[in-house]
Amino acid sequence: MNGYNKMELMICLAARYLEDGATVVVGTGAPCAAAMLAQKVYSPNLMIMFEAGGIGPLLPSMPISVGDSRTFYRGVAASSMPEIMEMCQRGMVDYTFLGGAQIDMYGNINSTMIGKDLQRPKVRFPGSGGANDLASLCWRTMMITPQDRKRFVEKVDFVTSPGYLTGKGAREAAGLPPGTGPYKVITNLCVMGFDEETKRMKVESIHPGITKEEILENTGFELLWADQVGSSDPPTEEELRVLREQVDPYRYIIGRQ
Amino acid sequence: MNGYNKMELMICLAARYLEDGATVVVGTGAPCAAAMLAQKVYSPNLMIMFEAGGIGPLLPSMPISVGDSRTFYRGVAASSMPEIMEMCQRGMVDYTFLGGAQIDMYGNINSTMIGKDLQRPKVRFPGSGGANDLASLCWRTMMITPQDRKRFVEKVDFVTSPGYLTGKGAREAAGLPPGTGPYKVITNLCVMGFDEETKRMKVESIHPGITKEEILENTGFELLWADQVGSSDPPTEEELRVLREQVDPYRYIIGRQ
Amino acid sequence: MVEEITPAGELFCDPDVDRAREFFRAKPRRMESKVTSVKEAVSRFIHDGDYIGIGGFGANRIPTAILHEIVRQGKKHLGLSGHTATHDCQILAAGECFDRVDVAYVVGLEARGLSKAARRLFEEGKLKVTEWTNATLAWRYKAAAMGVPFLPCRVMFGTDTYKYSAAKEIRCPFTGTKLLAVPALYPDVAIIHVHRADIYGNCQIDGIMVSDSDLARAAKCVIVTTERLIPNEEIRREPTKTAIPYYLVDAVIEVPYGSYPGNMAYEYFSDEEHLKAWLEAENDPDTYKEFVNKYIFSVNSHWEYINLCGGMERLSQLRALELMIPLNANGEA
Amino acid sequence: MVEEITPAGELFCDPDVDRAREFFRAKPRRMESKVTSVKEAVSRFIHDGDYIGIGGFGANRIPTAILHEIVRQGKKHLGLSGHTATHDCQILAAGECFDRVDVAYVVGLEARGLSKAARRLFEEGKLKVTEWTNATLAWRYKAAAMGVPFLPCRVMFGTDTYKYSAAKEIRCPFTGTKLLAVPALYPDVAIIHVHRADIYGNCQIDGIMVSDSDLARAAKCVIVTTERLIPNEEIRREPTKTAIPYYLVDAVIEVPYGSYPGNMAYEYFSDEEHLKAWLEAENDPDTYKEFVNKYIFSVNSHWEYINLCGGMERLSQLRALELMIPLNANGEA
């Protein structure tokens, strides 16, 4: 592992996508760690927001809830859920991160249930929360998730949050704001984007030490591959140092490995 | 005049309609004086609001503007215009007072213009402001106004704010919330209500010393008369004392006579 | 071609604005003391079958005392607005108090894990469920607060969340843009915990509002618990700060540490150990029954509950944690 | 039978949400200093033909310095949101700066009387006018702030105000209720005066917000003048107080007494003598020309204007009046 674990790698890879001056709505866990890391290493002007109303906090530690007091600790504003959601709807939020129990090749996410009957599901999950809203309204949706066949499936049991739905043009036809959609999926195996033409998931870079076969074994649908599949750049020393010392010193997230 | 002027009489008459525990949105001038008087003499729990956001102030003096700092001086809340208007729309505001340049027999009010062409009016007035909103949404609309033929007209040049429009059922048919509409018109000559069946203006009581003929001479449309047209009760000593000493000691309003 | 969909979700509350207007017209709005007790507020204002909305956000600024009392009094068949309902949902699930839910977020406790007991209710088919999102539930409150029967928005399209909601597609009359109409949600009762309130119900909240500004306006009845009662003079000194004016409020109860074991911004952090113990107790039915008996049914007041959980000593730690003040030389709270 | 009406009013601003989204996507949102001068802000951010929205309420918390500078720089063909525009409208009328107006309230100064100069513009047929109301203009801002192309409401029905608006009638998809749809209003520029701001544009406002919260979010560009600049630390100390966050704001200028001759809550009362003098000057064209020359065109800054009006001595009186502190034994300010 060359001195870093998969969670650290995923967080560092995600952080690099968050450019200075951008806005991002994050939840707890890895996405929040990625945003904090980005802010400390690359993008001091990255604006971090939480869906319950926290805007631009000087995060003293990892929040436990997207509505706890850390999410607006010394923030530029402690607002409301409508304030955040309407800012997304107005087109002012660049990035968001989502998680889920299942994801398909178009980036559609299920965080609602396993089973066929919503009124009597096999397994009930929390539901959308703000996920559907953020996936609908933010310009670019990212995921940080473990990759396996239970999670990366041909067909999700329930489309909680919209990816590209059934392919190119489907979001717009359904009524979602143009120009939005899934951007990157960062897993323990690789980084995937979405093909311009088909809007299907496409492997862009493979993590050090991972094989194409491992990715295929852990994906339940047909993947596309970029013309030039690169190798994911491992964490830099600075990234790791800041992540371990400043972002997550108690290893709440990076210790989950 | 028996020790009071017409403005004092109108204010005192209006104040008596504002029962304890009611809510009222007022503007500057006589309506505000009436609400303050009601609060001090009859209805300590009358809740006074201003359309720019002031809620329940301890009014130290007459506001000059419905948005000046007096309108929320030691108020229970300093809110916003949407807050007040939405409270009206939600059905929580009992009374409002309006003024205007012209009024017809259905209580439709013109505060927009004299003339035929809005793009080139003979005389331009301020327009609705919040008047149309309040007349649409508050349960009962009242007016305190001088009565003459220029003002009480057969047909207003422009219906700025809705009275009963063209008669019974017209408000509801047009789309306004049911059960709302003009309630009392208090002038220098008489107090008028609105007939249940026709929704036309109906004289209910005549001020001391005023004749029916004077009212007819000063009204440009056909009036209805209550079965029992009473005589308006003159101000009580207490009303006058509070009005002069506490409500309007500088005679800004009651000195306008 | 796009499939036309009629969402299958049930609408649990009447969005009719004229009936709501008649209700609000009759609602008393005198500025008089509404101070009461938790027991009285729950027995008087919450009835079996009522639809309730809960303020705060899951385990942050939640009205714990009222929620426990609802369970203790055995309220049943409640409708629940699951607007990021986490520990609040977990408490009501312990009493099996609700039988229909507008879901945005339920059964989870965010990063802490999932409540097995709450999940069981959803998985056993005992509940009626309609799906929404945090934003759409927030906007449904806002529609009611504004006095309009719906608001337009741009989410949920193309998803199963939409299919199992009770929303409708409309077109903008100006631009032709496809929009989602979400119906006004007027809860029968809103329960909100605040930092400060006067005896009339004028409330101040520090930090994020979540959706409580709209919820308090949307609800037909509002129960407020407050960290502390303050004189009306304090409210009038800074009217800009009034988040909930008195005429919306029906009951006010002073409940210090009222959000415990939840977080109260600027006051105390959440008790993660107690929340973890709760989640763990749910692993075994007998343990869980005992746990709920111990912490809810055998308890008479919020103070008693707090004392069971470590009392003021524990709360001092949580206060230090919230304010990030080290209580020992190791820099720990 | 009810007559079907197509309102005749012109829609001056594009309510399309997708074009607005593209604009906001590209709008820079770095937290960097936006401190500039009144002159620079007006020349850089306000262009001939722009549609502007003004914060505050007529003669309360208005951005006087910016308005005078617009007149001085001879900006023309502006669109004006007449959302209770009183003294602000009067100032811009002095420069004949606007040629189209969404009217809710114009030309009047509430209890003070009517501006003859402003009336003349409306009566001479030089302007394009569309009628609205205070609430509908407020909701049009709110629609834009929410990122939706319209909001429903229940006013204006049956009136000429409706006939000369650009609203449309719709039906609620849930209840069938007839509703009025008002289109989103995205002003090119909003000009707002606040109590406190930091150099990035984070703003605090004391007292009533009027519609400024929504206006700042609806506008494509926001110019803020502030009574005083405060350190960013002060903003972060009480994030609950931030009414306008920095990323909405394009220019920040410290203008003490910036609402003069208007009222600024908790700071200074309006200068009713000066406002009266202004109204009286409008009675005679030559006097009026001289008046405007003296108080606007011949003046270089807001301080110069204030000095012409009695300087700090006058402002001390207005401050005492606002705070109701007697400055002499007769109890007068």
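Chain identifiers are assigned alphabetically (A, B, ...) following the order of the sequence lines, protein sequences preceding nucleic acid strands; residue numbering begins at 1 within each chain.
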Problem - Face-on cation placement of B:Arg120 at D:Phe122 ring, 6.0 Å and 45° thresholds - result: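 Judged by the rule, B:Arg120 and D:Phe122 form no cation-pi pair.
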[X]-[Y] side chain donor-acceptor pair, cut-off 3.5 Å:
| X | Y | result |
| --- | --- | --- |
| B:Thr28 | D:Glu110 | no |
| D:Thr159 | B:Asn132 | yes |
| D:Glu131 | B:Ser128 | no |

Among the options [options], pick out the one with the most heavy-atom pairs lying under 4.5 Å from chain B.
| options | result |
| --- | --- |
| D:Met209, D:Met156, D:Arg120 | D:Met156 |
| D:Ala8, D:Gly82, D:Gly158, D:Ser270 | D:Gly158 |
| D:Gly108, D:Ala265, D:Gly207, D:Ala138 | D:Gly207 |
| D:Thr84, D:Thr133, D:Val107 | D:Thr133 |

State, yes or no, whether a side-chain contact exists between [X] and [Y] at a heavy-atom distance under 4.5 Å.
| X | Y | value |
| --- | --- | --- |
| D:Ile208 | B:Phe50 | no |
| B:Ser69 | D:Phe269 | yes |
| B:Gln119 | D:Lys126 | no |
| B:Thr112 | D:Tyr164 | no |
| B:Glu51 | D:Asn134 | yes |
| B:Ser80 | D:Ser213 | no |

Quick check against the 3.5 Å criterion: does [X] have a side-chain atom that pairs as donor or acceptor with the backbone of [Y]?
| X | Y | result |
| --- | --- | --- |
| B:Asp68 | D:Asn263 | no |
| D:Asp160 | B:Thr160 | no |
| D:Lys178 | B:Glu172 | no |

Handout entry: Least distance between heavy atoms, D:Arg154 atom then B:Gln89 atom
Key =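 Here D:Arg154 and B:Gln89 meet closest at N-OE1, 3.0 Å.
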Problem - Where D:Glu123 and B:Lys122 come nearest, the two heavy atoms and their spacing - result: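 Closest approach of D:Glu123 to B:Lys122, heavy atoms only: CD-O, 3.7 Å.
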With chain D, which of [options] has the greatest number of heavy-atom pairs at distances under 4.5 Å?
| options | value |
| --- | --- |
| B:Gly163, B:Pro121, B:Ser111 | B:Pro121 |
| B:Thr166, B:Asn108, B:Val66, B:Ile84 | B:Val66 |
| B:Pro60, B:Ser79, B:Pro162, B:Ser61 | B:Ser79 |
| B:Ser136, B:Ser65, B:Ser161 | B:Ser65 |

Handout entry: Exceeds 12 heavy-atom contacts within 6.0 angstrom, atom CD of B:Glu196
Key =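 Atom CD in B:Glu196 is not packed in, count stays at 12 or less.
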Practice task
Answer yes or no: does atom CD of D:Glu10 have more than 12 heavy-atom neighbours from other residues, nucleotides or ligands under 6.0 Å?
Solution key: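 Yes, because the 6.0 Å sphere around CD of D:Glu10 holds more than 12 heavy atoms from other groups.
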Handout entry: Contacting moiety of B:Arg171, where chain D heavy atoms sit under 4.5 Å
Key =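 Interface part for B:Arg171: neither.
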Practice task
Side chain from CB out, backbone as N, CA, C, O: work out which of these in B:Leu165 comes under 4.5 Å of a heavy atom of chain D, or both, or neither.
Solution key: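 For B:Leu165, side-chain heavy atoms alone lie under 4.5 Å from chain D.
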Practice task
Could you check D:Val106, D:Leu114, D:Val103, D:Leu109 and say which one makes a side-chain contact (heavy atoms from CB on, under 4.5 Å) with B:Pro126?
Solution key: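 Of D:Val106, D:Leu114, D:Val103, D:Leu109, side-chain contact (heavy atoms from CB on, under 4.5 Å) with B:Pro126 is met by D:Leu114 alone.
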For [X], is it the side chain, the backbone, both or neither that has a heavy atom under 4.5 Å from a heavy atom of chain B?
| X | answer |
| --- | --- |
| D:Glu322 | both |
| D:Cys89 | neither |
| D:Trp139 | side chain |
| D:Asp214 | side chain |
| D:Arg112 | side chain |

Practice task
Please round to the nearest 0.5 Å and tell me the distance separating atom OG of D:Ser115 and atom CZ of B:Arg124.
Solution key: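 Between D:Ser115 OG and B:Arg124 CZ, I get 13.0 Å after rounding to 0.5 Å.
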Exercise for the section: Evaluate the side-chain contact (heavy atoms from CB on, under 4.5 Å) criterion for residues B:Tyr73 and D:Met324: first the C-alpha distance (whole Å), next the side-chain angles of each, then the deciding distance (0.1 Å), finally the verdict. Expected result: CA-CA 11 Å; B:Tyr73 176 74; D:Met324 292 181 278; 3.0 Å; yes
Practice task
Would you check, one step at a time, whether the test side-chain contact (heavy atoms from CB on, under 4.5 Å) holds for B:Leu137 with D:Val155?
Solution key: CA-CA 7 Å; B:Leu137 302 174; D:Val155 302; 3.5 Å; yes
